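Lettering follows sequence order; numbering is per chain, from 1. The model shown is predicted, which means the values in this text are computed figures rather than measured ones. All values below were derived from every heavy atom in this structure, side-chain atoms included, with hydrogens, water molecules and symmetry-related copies excluded.
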Protein chains: 2
Amino acid sequence: MVVPVVPSLAQRKRQLVSDELREIALQLLARQGYDNTTVDEIAAAAGMSRRTFHRYYASKEDVVIQLLADVGDQVQTELAARPSAEPPAEALRRAVGVAIDFCSGHHDPVKMLAVVRLILGTPTLHARFLSLQAEAQAGLTGVLAARLGLPPDDLYPEMAVRMALAAFDAVLERWAASSGSLDPQELTDAAFAVLAPALRG
Amino acid sequence: MVVPVVPSLAQRKRQLVSDELREIALQLLARQGYDNTTVDEIAAAAGMSRRTFHRYYASKEDVVIQLLADVGDQVQTELAARPSAEPPAEALRRAVGVAIDFCSGHHDPVKMLAVVRLILGTPTLHARFLSLQAEAQAGLTGVLAARLGLPPDDLYPEMAVRMALAAFDAVLERWAASSGSLDPQELTDAAFAVLAPALRG
DNA sequence: GCCTTCGCTGACACAGCGTGTCAACACTGC
DNA sequence: GCAGTGTTGACACGCTGTGTCAGCGAAGGC
C-alpha cells in the first residue's frame with residue numbers, strides 16, 4: 001500500500017483552501033489584534049461562513065498555532081536524523097536550529113516576525129504555544145533517550161530536551177523583542193553555550 | 001500609612017467566600033473532569049448564580065490556576081530572601097523547593113495531588129499553568145540578575161531560571177505520574193544535579 | 001430614630017465560540 | 001444518466017464571559 005504522491009485532487013484542493021484561509025486569517029489577526037477579531041470576520045474575509053471556517057480549523061487559535069505544530073515534527077525529525085555519534089549538545093543545537101530557521105529564515109521574514117509577535121503578545125496564543133512545546137518535549141525526550149540508549153525514565157534526556165527548549169524560548173523572545181534585528185543563530189549559540197556544561201559535550 | 005492587620009470585614013468576608021467557592025469548585029472539577037463541568041454547576045453547588053461566580057473568579061480556569069499564582073510570588077520572595085553569598089544553584093534549588101513543598105507538603109496531600117493531576121491532565125489548564133510559569137520566569141530572572149549584579153539583558157540569569165523551572169516541571173510531572181509515591185525533594189535534587197554544571201556552583 | 005451610601009446579589013440580555021444536523025450543490029466514477 | 005462522495009450554508013443549540021439594572025442588607029452620619 002503506497003500512499004499516492006499526489007494525495008487525491010480533493011485533498012490538494014483542501015490544502016489550498018486551508019493555506020489561503022490561514023493567510024487571510026493571520027493578516028487580519030496581526031492587523032486588528034487577536035481579541036478584536038471574530039471568527040465571523042475571518043470567515044467573511046475569506047468568503048465563507050463561520051461553520052466552514054471550523055471545518056478547516058478547529059478553533060481561532062488553531063489557525064495560528066497549527067503552523068508551529070508542523071515545525072515541532074520537523075525538529076523531532078532532525079534530532080532523529082543527526083548522526084548517532086554526535087554529542088547531545090550538538091544534536092540538540094541543530095534540532096533547535098531547524099525551528100529557529102523556520103521563524104527567522106522564512107521566505108517572508110517580516111510576516112513571520114509579525115506572527116511570532118502576535119503569538120508571544122497574546123496570552124491565549126502564548127499559552128497554546130507553550131502547551132504545544134510541552135508535547136514536542138515528550139517526543140523529543142523519547143528520541144534522545146533512544147539515541148543515548150538510556151531507559152525512557154532517565155532524568156538526563158528529559159532535562160536535556162527541556163534545556164534546549166528553554167534556549168529556544170529565550171532566543172525567540174529576544175529575537176521578537178529586537179524586531180528581528182538580533183541574529184537568531186548567534187543568540188542560539190550563546191544560549192547553548194550557557195547550557196553546554198550540563199549537556200555533556 | 002499602615003495597612004490594617006484586619007483588612008476590613010468586607011474583605012475578610014470576600015476572602016472567605018472566595019476560598020469556599022474554590023474548595024467546592026476543585027472538588028467538583030476533580031470528580032467530574034474539567035470539560036464535563038459547567039460554571040453553572042459549580043455556581044449552583046456553591047449556592048450562587050453564574051454571574052456571582054464570575055465576580056470572584058474571572059473564568060473557570062482561574063478557580064484552579066489562581067492557587068498557583070500565589071505560589072509563584074512565594075517562590076520569587078524566597079529567591080530574593082536567600083543570602084546573597086549563596087551560589088545561584090543553591091538559591092534556585094531552595095526557591096523551587098518552596099513550590100514543591102506547597103504541592104507535596106500540603107496539609108491535605110491527597111487533594112493537592114488531585115489538583116495537580118487535574119491541571120496536568122487538562123490541556124486548557126496545563127496551557128494556563130505554563131503561561132503562569134512564563135510570567136514567574138520573568139520576575140525570577142529580574143531577581144536573579146539583581147542578585148548577581150548582572151545587566152538585565154544578560155543571558156545567564158534567564159537561562160538559569162528557565163533551567164530551574166524546567167526542573168520543577170519535570171519533578172511535578174513525575175511526582176504526579178507516580179501518584180505521589182516518589183519523593184519530590186529527592187526528585188528535585190536529582191534534577192538539579194543534572195543542571196548543576198551549567199548553574200556555576 | 002431615620003436615611004444615605006456602599007457593596008453584594010440575581011435576573012436579564014448580549015456577543016462570541018464551537019458543534020450537531022440537515023438540505024442543497026458539485027464533482028467523481030460506473 | 002446516475003449513484004456516491006465531499007463541500008457548503010443555514011439554523012439551532014449549549015457554554016462562556018460581560019454589561020446593565022434593580023433589589024437588598026449592613027455601616028455610618030444626621
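The distance between atom CZ of A/Arg14 and atom C1' of D/dT8, rounded to the nearest whole Å, is 12 Å. Note: CG (A/Asn36) to C1' (C/dG16) measures 13 Å, nearest angstrom. In this structure, the CG atom of A/Leu21 is 14 Å from the C1' atom of D/dT7, given to the nearest Å. Atoms CE (B/Met48) and P (C/dA11) sit 13 Å apart, rounded to a whole Å. Atom CZ of B/Arg12 and atom C1' of C/dC8 are 17 Å apart (whole Å). Spacing between atom NZ of A/Lys13 and atom P of D/dT5 amounts to 17 Å, rounded to whole angstrom units. Counting to the nearest Å, the P atom of C/dG18 and the CG atom of B/Asp35 are 13 Å from each other.
Between A/Thr52 and D/dG9 there is a side-chain N or O to OP1 or OP2 distance below 4.0 Å. An OP1 or OP2 oxygen of D/dT8 is reached within less than 4.0 angstrom by a side-chain nitrogen or oxygen of A/Tyr56.
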Q: At under 4.0 Å between heavy atoms, which parts of nucleotides 13-18 of chain D does protein reach? Answer with one letter per nucleotide, 5' to 3': B base, S sugar-phosphate only, - none.
A: --SBBB

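The backbone N or O of B/Ile119 lies less than 3.5 Å from no partner atom in the side chain of B/Thr122, so there is not a single donor-acceptor pair. No donor-acceptor distance shorter than 3.5 angstrom exists from the side chain of B/Glu90 to the backbone of B/Pro87, with no hydrogens or angles considered. Formation of a donor-acceptor pair under 3.5 Å by the A/Lys111 side chain with backbone atoms of A/Gln27 is not found in this model.
Partners of B/Leu148 by side chain to side chain contact (heavy atoms under 4.5 Å, CB included), not counting sequence neighbours, listed by chain and number: B/Pro88, B/Leu144, B/Leu150, B/Tyr156. Listed by chain and residue number, nothing satisfies the side chain to side chain contact (heavy atoms under 4.5 Å, CB included) test with B/Asp70 (two or more places apart in sequence, or in another chain).
Across all non-hydrogen atoms, the minimal contact from A/Phe168 to A/Ala99 is CE1-CB, 3.6 Å.
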